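Let me begin by presenting the structure, written as structure tokens, before commenting on it.
All of these numbers come straight from a predicted model, not from anything done at the bench. Just follow the structure's listing: the first ligand is 1, and inside any ligand the first atom is 1. Scope of the values below: all heavy atoms of this structure, side chains included, with no hydrogens, waters or symmetry mates.
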Amino acid sequence: MRTHSVDRLGRRDASGGEVFRDYVYPSGMDAARLPGTDRPDQVVAHVDMDCFYAACEQRREPDLAGEPLVIGMGYEAGEPHGAVATASYEAREYGVESAMAISEALERLPRRAEGDSDADTPTGIYRPVDLDYYESVAAEVKEILHAESDTVREVSIDEAYLDVTDTVDWNGAGAWASDLRATIKSEVGVVASVGLAPTMSAAKVASDREKPDGQVVVEPGEVRAFFADLPVDEVHGVGPVTARELARLGIETAGDLADADPDALERRFGERGREIRRYARGEDTREVTPRGDPKSLSRESAFTEAVAAIEEKRRKVTTLARAVADRAGREGARYQTVGIKVVEPPFDINTRARSLPGPIADADLVESIALDLLAEFDERPVRKLGVRVSNLDFSAGEQASLGGFEGATDGGSDEATPDGDCTGESQAVAGQASLTAFDGVGTESSDPVSPDATDGADESGHAPDGQASLGDFE
Ligand code: TTP
Ligand code: MG
């Protein structure tokens, strides 16, 4: 039996206590058109975590909060080797920045010695990179993002684009962004900045504009004005070499580039000259496209306060199970594994999953397995619940007969599924599992970029969006 108590994003929950988002836009938006395209206007969100590696260390060790903290790649305690991966905003005040040699950082911000918290000379705390830990934190953030939109493009460990055209309108964009940031802060314990705009490039610039802990909404029609004072090397597709050449032509800001003569730009840079001018004018026809089929689909939802009551938890899991099954149906996905996520205060993430002998699409079964898995947590206070289907099968065709799988809810077979999940009762993905294995899609180190916008990586070792790579990204 299907219930219809949820909207298509599974956000409406009769159980109450929901972190409620009522800015869901019911139908499509008016089809405002970008110049030169017949594509409806998008609402794109870009989410980028603040001083991400440092924030992860501060989450793990709360005493580090508010301290000048430097995370060094290739750094070892007490040594001057390595390069700065990132620095907390407090450390940035002393001129410490990403990609700087640790030796130089130490000149600007000497290392704090044991017991030397006294403040005549400012000192900083230095830590080596612990990528595994940061990836597990990133996976928790991405989990929230995937639950927020069906179309998420992860572009690095700490940033992603979301297409939220169907669910957010411009009047509700600010509220949506602050709610998302609050959710990430309270549920993961790290801070995100968010930009919303009608194009990917404007959303990216917007997320950076008010960092840290900031959000900026750029409405359609405002993009060009928003870009006007932007240094030209922050325009999508413009790397340091092109920026230097543009500077020789007197073009220093995006506004200058937007006003430049397109023929002159083409003579100097070829077709790319026209393209970067279009980006500078806010014209960006790229759409947010996820990479490949998702590996899993999930829905999750937080209680405003931890809840121990069994019925309330079961109601929420039922709602989420229905929403996930509904989404899988819309994506044409069958699933072989059904899992739940249970977050106990403060941030203890438990995952449980059960695999079936073959892929199915059956909302009742998702619900019953999810409720079964929840039973282990009957007595425990819970602040957040999630339901996920994985081992997805997108091949078209008839749904496998359920008859053969029914026994699976009682434990299933003990065959291993292709990605290594065990089958059978609660054996799979148990305990404080790394969420990476539970994640939707992989990440990439750089922004999507059009084929001829080759600036950046080629010239400078920077990714095309200007993010330097020290070889330690995913
Ligand atoms: P960024 O998002 O560029 O930087 P950040 O999150 O530290 O700071 P901001 O608040 O400005 O967003 O990169 C994400 C992580 O990637 C960063 O925490 C560390 C790593 N990184 C490197 O290892 N080397 C680099 O040169 C840069 C720029 C980042
Ligand atoms: Mg960041």
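- For the pair Lys316 and Phe303, the cation-pi test (distance below 6.0 Å, angle within 45°) is passed.
- As for Asp48, its N/O/S atom nearest the Mg ion (ligand 2) is the one called OD1.
- Among the backbone and side-chain atoms of Ser193, no N/O/S atom is found under 2.8 Å from the Mg ion (ligand 2).
- At a 4.0 Å cut-off, at least one heavy atom of Cys51 sits close enough to ligand 1 to count as contact.
- Side-chain contact, Asp163 with Thr151: no donor N or O sits under 3.5 Å from an acceptor N or O.
- Within the structure, the closest approach of Glu159 to ligand 1 does not fall below 4.0 Å when heavy atoms are considered.
- Checked by distance only, ligand 1 and Met73 stay at 3.5 Å or farther apart across all their nitrogen or oxygen atoms.
- Contact between Glu57 and ligand 1 is absent, with no heavy atom of the residue lying under 4.0 Å from the ligand.
- The Mg ion (ligand 2) lies at 2.8 Å or more from every N, O or S atom belonging to Glu159.
- The side-chain contact (heavy atoms from CB on, under 4.5 Å) test with Met49 singles out one residue from Val137, Val190, Val188, Thr86, and that residue is Val190.
- Per residue Asp158, closest N, O or S atom to the Mg ion (ligand 2): atom name OD2.
- For a threshold of 3.5 Å applied to N or O pairs, the pair formed by Phe52 and ligand 1 contains at least one separation below that value.
- Using bins of under 30°, 30° to 60° and over 60° for the plane-to-plane angle, the ring pair Phe52/Tyr134 lands in the perpendicular bin.
- Numbered from 1 in the order shown, with element, the atoms of ligand 1 that lie under 4.0 Å from a heavy atom of Thr86 read 5 (P), 7 (O), 17 (C), 18 (O), 19 (C).
- The ligand atoms of ligand 1 that sit less than 4.0 angstrom from a heavy atom of Asp48 are 2 (O), 12 (O).
- When only interatomic distances are considered, the shortest N/O to N/O separation between Met49 and ligand 1 falls below 3.5 Å.
- Proximity of Arg92 to ligand 1, defined as any heavy-atom pair under 4.0 Å, is confined to the side chain (atoms from C-beta onward).
- Between the side chains of Thr253 and Asp229, no donor N or O sits under 3.5 Å from an acceptor N or O.
- Counting all heavy atoms, side chain and backbone alike, Leu64 lies closest to Glu57 at CD1-O, 3.8 Å.
- Where the criterion is an N or O separation shorter than 3.5 Å, residue side chain and backbone included, Tyr89 meets it with respect to ligand 1.
- Geometric assessment of Arg92 against the ring of Tyr89 yields a positive cation-pi assignment under the 6.0 Å and 45° thresholds.
- In terms of N/O distances under 3.5 Å, ligand 1 is approached by Tyr53.
- Under 4.0 Å is where a charged nitrogen must lie from a carboxylate oxygen, and between Glu266 and Arg278 no such pair does.
- For the residue pair His236/Ser201, the side-chain donor-acceptor check at 3.5 Å is not satisfied.
- Within 6.0 Å of the CD atom in Glu76, the count of heavy atoms belonging to other residues, nucleotides or ligands does not exceed 12.
- Put simply, Asp50 stays out of reach of the Mg ion (ligand 2), with no N, O or S atom under 2.8 Å from it.
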